Each structure stands twice: as structure tokens, then as C-alpha cells.
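Chain naming here is simple, since letters A, B, ... match the order of the sequence lines and numbering starts at 1 in each. Bear in mind the structure is a predicted one, so any value in this text is a computation, not a measurement.
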There are 2 protein chains.
Amino acid sequence: MSAPDKGGDRQGWRALREIIHERILSGAYPPGARLPRDADLAEQLGCARATVQRAMRALADDGLIERKRKGGSRVLAHPVTRATFDIPVAREEVEATGRAYGYQLVARDIAQTPHSVAAAMGLDAPERMLRAQALHLADRRPFMYEDRWISLATVPEIVDVDLTRESANEWLLAHRPYSRCTLRFSAANATPAQAELLGTRPGDALFVIERCTWLGSAPITCVTALAPPGYALTTEA
Amino acid sequence: MSAPDKGGDRQGWRALREIIHERILSGAYPPGARLPRDADLAEQLGCARATVQRAMRALADDGLIERKRKGGSRVLAHPVTRATFDIPVAREEVEATGRAYGYQLVARDIAQTPHSVAAAMGLDAPERMLRAQALHLADRRPFMYEDRWISLATVPEIVDVDLTRESANEWLLAHRPYSRCTLRFSAANATPAQAELLGTRPGDALFVIERCTWLGSAPITCVTALAPPGYALTTEA
DNA sequence: AACAGTAATATGTACGCACATATTTTGTCA
DNA sequence: TGACAAAATATGTGCGTACATATTACTGTT
């Protein structure tokens, strides 16, 4: 009758994804084109619709195709480059490269947040928060400098933590999980003070990571991390 | 007898994920703790194991828990911040903010790649490639400068494309899909020439995106994109 | 011709079952 | 005690079905 297993090897959904991906790359399904229905692909490839779903869902997650409830699936005309970064804890980032991690508290006080920080945290007005500035070291050399504000309203216990011994980041991760997190990457010229701390020259281009976290709608912390020249984030999409 | 629907509302896997996430946040499943088996959670929450699977899989993808084939599921002790960025085509990035997009070819020639570029592409030795330098504009002002090398071996047709009218990036996306892509974010001080092109001052901190793409194992292109101060990548994890 | 209501349709989700696979644990034997 | 093999176990995957949901397409009315 018909050829129910034309697809070939009857492998898993990963193989299916690969087959469909190949068809896109080879031009069989050109950019903007509509893909066959899941059910048709299932029959064509000799597997269940659920398996096709899994593969198509993965392709959609990768930003390769677009799926709509009745419009079917289409190959994206302008595929975005979708990259996933894992921002590790500084300690682990350092130790992953075989270097010795070190930590050093630079300053700690309680003060009114600048308006910019309050705004980033979604607050209506500045608040008094704990500010901790610290250095992360790799083999005794500056690896990253962080300037952090911690909400006393949300995390009152933080005032009793000895931040000279333990990084605020690690304490927070262990004691205050967050449910929301915003990230912002940019570049900035080092101020003289920052250059001094990072062991570079004023004006050097620093890599800037700004991160704010919340538990529910309550702000936990907002940190600006500065990395000296040579630092880079890499990933494979 | 028993309470088969204790979990409550009998909602979908997204609700399940939320419930489990709540338990993690609330400390019911503290960092490092082992979660119940999928099957037990399924019974406890009154749904099928497949549904629990879906929810747990999502939590694992989010970097919140860790799953192993027999070790069960554990809450990660040091959850990484996992962020997904969509790097759009420059045109769309500009137009998304309501500004007028402009494009300008700065230089185009065929030359030997530097060793650094050849290495980034995974080549054993430098090759002659097409080099295209171009400016992306937003409302007539420099938005991003790109310095691109395109493999003549993989994409010979590129020599016949009029790059003064069409951005190499957009032509490549439309005609040469890629299967692999590496990304690297960093910061760099502007050289005088770069500052001139981007309308900033020499030494200003630029945001640097380096991207290389391949089709299979054949290198397609390698581009260094520079953005002037003010540019930032943001996301919500 | 414009519009609203309805039917058709493709994907999304859920369930229950069976089997595959990767580890851990246990047990056996030297 | 230690090494290696076998059993146990939790997750991973696949199938078939049924129903849910979001859009599109159609259809009849004004």
C-alpha cells in the first residue's frame, strides 16, 4: 500500500528535529515557507504526532520556526540568533578555569539608594538599603568588582551576616532564592576608583553586568558587576 | 480512601511548574534537597506522570533543578542565572524602537584573514575571504559598526552581491542558513578610526559582539560588531 | 459590501501505558 | 577488602487517544 516508514530509521525526537532541520538548511523548506502539518509529518516519517510535536517544539524554542494554533508551522524568514548564557557565581566561574578564587569586601554601609537603583528595582522612591562593594579574585588578581544594594525591607537578616567572610551573592543564593531576574550587559569606561580596584587604567573598557532580583514583587538585590579588559561572555547557539 | 486530587485545581503543566517552583521558593524543597519522584508527585497532585515530567523538564531547562536518570531530581544548590538573548538583525533592532533604519557600506575588499579570524573560524591557515565593513544607522546616527569576513570557499556567490545596497548579514540570512553559531560579548576601547565611524570619541567603551557561523563544518562568516556607548543588551531570566 | 456569528482546522495539552536508558545499589566471588 | 556483575530504580522516550484552544475561513444577514 503506502510507505508508512519512509523517514527511515525510526529514531527519537532528536533525530526528527535533525531531519526537519536538515530540510530547512537544504532549502526543502525555505525561509518563510509553511511546513506540513504535524499529523502529515508524523505519517510521512512513521511516528506518532506527539513525537513530531516534541521535535517541532524544540525547533520553535531554538527560534528556527514559528508555530501558530491554526496557521500551522512556518520557517522564520528572519531567524533571530537565540543564545542562552549561564551566568555562574563568581567563585565557580573562577574555579572552572582552574584558578584559585579569592574574595575581598571593599566597603559596607547602609545608605539611601540613588534614584537609578530605586528605579531599576521598581521602587517609587529611594530606600535605605545595605550597600556592599566587593572584589572577586582569580589567582590573587582582580577578576570582577561588584557594587551591590540589598533591600533591608525584604532581607533584614543581611545586616547580621559577616560579609567580610562570605560573598553577599553566595549568601543570598543560599538563603533567598529569587523568582524574577533582570539582566543588562553593556560597556563602560573605568573611573579612576574602579581602575584602581580592578588593577587597570582609568578609561579602560569594562564589561558591565547589571542584575536585579525579586522574590515575587519584593526586590531583593540589585548589583552592578564590572569586569576588567579580557573578560568575555561566550556561548554557542 | 485517599485524596487523589490534593494539589487542588487540576490545571496544566504550567500550573504544576508554578506549584513546584513555589515549594522551592518557600523552602519546602530547600537548595540541594531531593524532590519526590515524578510518580509520587503525580499521585500527590492528581495528574499523570507525563504532566509532571513536562513541568520538571521545564524547571530543569530554567536551571532550577537537576535531573538524573536514577538519582532523581534535586534542587540546585547554586542555581545559575540562565538568560536567553535574542540577537536580532540590526534593521529589526532599530525599527523595533521606532527609528528609521539606514545602512552604509564602508569598505569592501578581498584579502587574507588575520590569524585570529582564521582561528575563530576553525581554519588551519588564513584564507582569502571577502571583507565587508559597514555601518548600521538609526535615525541617521551610527547605531552599530560591523567588520565582517565571509568565506569565499563556502559562499562564492557573495562576490556578485551588491553590498552597497544590501547588508551582508541580511543577504546571508536569506540565502545561507547556518547550523552552528558562536557568540562572544566583550568590551573594548574605541580606536580613533572606530570612533570616527561611530561618532564617538577615541577610547570610549564599546560593546563588542563577535559572531561566527557555520553550515555543517564549513565556515560561513565571522563578524565583529561594535556598538557605541549607550548600547545595552537586556533580558529577563 | 460590511459585519457578525459559526464552522473548520492545526497546534497545545493531558492521560495511561509500555519500554528504553542511565545510574545507583546490592550482591557475589576472588 | 576490593573488584566486578547483576538487580533495582527514577527518569527519558514513544504511541494512541481524547479533548482544549486559538485562529482562520466561511456563511448568512443586514
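Atom-to-atom, CG of A/Asp40 to P of C/dT11 comes out at 9 Å; the value is rounded to the nearest Å. Protein atom CZ of B/Arg17 is 14 Å distant from nucleotide atom C1' of C/dG12, rounded to whole Å. Whole-Å rounding puts the A/Arg74 CZ to D/dT24 P distance at 11 Å. Here the C1' atom of nucleotide D/dT11 and the CD atom of B/Glu66 are 13 Å apart, to the nearest Å.
Distance CD/B/Gln104 to OG/B/Ser167: 13.0 Å, rounded to 0.5 Å. Rounded to the nearest 0.5 Å, atoms CG (A/Leu59) and CG (A/Leu16) are 9.5 Å apart. Here A/His78 contributes atom NE2 and A/Leu76 contributes atom CG; the two are 10.0 Å apart, rounded to the nearest 0.5 Å.
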For nucleotides 7-10 of chain D, tabulate all protein N/O to nucleotide N/O atom pairs closer than 3.5 Å, reporting atom names and distance.
unit_1	atom_1	unit_2	atom_2	d
D/dT9	O4'	B/Lys70	NZ	2.9
D/dA10	OP2	B/Arg37	NE	3.3
D/dA10	N3	B/Arg69	O	2.4

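Residue contacts shown for A/Arg14 are limited to sugar-phosphate atoms, with no base heavy atom under 4.0 Å away.
Evaluation of the side chain to side chain donor-acceptor pair (under 3.5 Å) test over residues 29-40 of chain A, restricted to residues two or more places apart or in two chains, returns A/Arg23-A/Tyr29, A/Asp38-A/Arg67.
Residues of residues 49-65 of chain A that place a heavy atom closer than 4.0 Å to DNA chain C, in numerical order, are A/Arg49, A/Gln53, A/Arg57.
Among residues two or more places apart in sequence or in another chain, the salt bridge (Lys or Arg N to Asp or Glu O under 4.0 Å) test is passed with B/Arg184 by B/Glu210. With sequence neighbours excluded, the residues satisfying salt bridge (Lys or Arg N to Asp or Glu O under 4.0 Å) with B/Glu95 are B/Arg91.
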Quiz: residues 213-224 of chain A side-chain donor-acceptor pairs under 3.5 angstrom, not counting sequence neighbours:
unit_1	atom_1	unit_2	atom_2	d
A/Trp214	NE1	A/Met121	O	3.1
A/Thr221	OG1	A/Arg148	NH1	3.3
A/Thr221	OG1	A/Trp149	O	2.8

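Here the closest non-hydrogen pair linking A/Val75 and A/Pro30 is CB-O, 3.5 Å.
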